[in-house]
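First listed ligand is number 1; within each ligand, the first listed atom is number 1.
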Amino acid sequence: MTSEYFQRARAVIPGGVNSPVRAFGSVGGDPVFFASAQGAKVTSEDGRVFTDYVGSWGPMILGHAHPQVIEKVVEVARRGLSFGAPTVLETVLAEEICKLVPSIEQVRMVNSGTEATMSAIRLARGYTQRPLIVKFAGCYHGHSDALLVKAGSGALTLGIPGSAGVPPGAAGDTLTATYNDAEELAAIFATYGERIAAVIVEPITGNMNMILPQRGFLETLRDVCDQHGAVLIFDEVMTGFRVALGGAQAVYQVKPDLTTLGKIVGGGMPVGAFGGRRDIMATIAPQGPVYQAGTLSGNPVGMAAGIETLRLIQVPGFYDALSRTTLRLTEGLERSAAKYGVPLSTNQLGGMFGVFFSDLDDISCYDDVAACNADHFKAFFAAMLAHGQYFAPSSYEAGFVSAAHTEGDIDSTIDAAQKVFAKFT
Ligand code: HOZ
């Protein structure tokens, strides 16, 4: 029976949700309505407590409602919620981002990852004076028209790889390639190279679940863009400050021209950012002719949450501890599945992970993810939820561990998984 919360929501909100994956469409059952959260735990409106592996889809790297972040947010909120005028807080967050991500020489704040990628694409087109962009099948860069082509995340979850409502003209200049296929990309550039403004990629994917780049893939993107004068954009909305302090670009030592950020950069508030080479960023208004704007951009409350979050993740040893916790989880899940003969493989880096019901050792692209056992995922998701474990309600989404997850939390999750896998056979 549909919960009263969902029924009431569906009467006034399309599908009862404000973002499609939340509707539990691909896993069945009712979405859980959250009432509160603290640390690694979330509590539902009907009083159930879950260990959370979604973390608001990434931002809550410190755990929910971290006391120091909340304190800063409250302090700043008391002085005014929005000014639509410059504040020092914006400069402080910008300085911090430029320090932590050296490829970013200048950065502009926006309100979401979608805004960040949409703006970065316009910027790349304005800077190069070229029309085409290249994206990879299964990568998701928000829901702007030009980027909703073979898109991941909710578009994959719900089987809407190209959205209705996107005019052919808006998406016609978007070329798609296969993630981790450097040769295909080289062939695309051989044909269209002089007209390509930018290549946009999630350097580690998080929207067709978590896939790591194969050796040399990101380097090839860099080389091909250099050879043809195209802008390389790393969409680090998910991976920024998540897989490592400097993001995926720090791990793989490949320097993009532009980077898009979101999620952790706002500490749980609606904040996105895009930044990179000073000469490219100089093309944006008011300095240059590429228009981009936003009334709430650089909002003081969001800036305060972001600044405090970025301060707290710089504690020495933070990422080592986070990686250990994540590895404990993924190794435990693999061990539990193996015990009962359930084919399962995992990826993990920093505080991000992917779980695949597949006997492939190396999941490298969208086709590999699409071939995973959807029934196993569905059964796993529902049974884990019943055991108080909240995983992403889609096999195409990555999972997230926070600094607030204890070894005890992880071990309880693994115990639950053992019970669940035992019933698979
Ligand atoms: N697009 C988000 C995950 N990749 C989901 C956002 C949400 O439902 O809140």
field: Listed partners of E308 passing side-chain contact (heavy atoms from CB on, under 4.5 Å), at least two apart
entry: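 Scan of E308 (side-chain contact (heavy atoms from CB on, under 4.5 Å), adjacent residues dropped) gives Q68, V69, K72, R311, L312.
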statement: Contacts of T176 meeting side-chain contact (heavy atoms from CB on, under 4.5 Å) (sequence neighbours excluded), chain-then-number -> K135, V149, K150
Polar side chain donor-acceptor pair, T330 to Q348, under 3.5 angstrom: no
- request: If a pair satisfies salt bridge (charged side-chain N to carboxylate O under 4.0 Å, His left out) and one of its residues is in residues 108-126, list it, with sequence neighbours excluded.
  value: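 Counting only pairs at least two positions apart or across chains, no salt bridge (charged side-chain N to carboxylate O under 4.0 Å, His left out) contact touches residues 108-126.
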message: Does this structure show an ion pair linking R328 with E407, if we count only N-O contacts that are shorter than 4.0 Å?
response: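 Yes.
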Tabulated below should be the N or O atoms of ligand 1 paired with protein N or O atoms at under 3.5 Å; can you produce that?
from	atom 1	to	atom 2	distance (Å)
ligand 1	1 (N)	S153	OG	3.1
ligand 1	4 (N)	S153	OG	3.1
ligand 1	4 (N)	N207	OD1	2.7
ligand 1	4 (N)	E397	OE1	2.9
ligand 1	8 (O)	S19	OG	3.0
ligand 1	8 (O)	R22	NE	3.1
ligand 1	9 (O)	R22	NE	2.9
ligand 1	9 (O)	R22	NH2	2.8
ligand 1	9 (O)	W57	NE1	3.1

task: Find the distance between CD (Q418) and CG (L333) and round it off to the nearest 0.5 Å.
output: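 So the gap between those two atoms works out to 10.0 Å.
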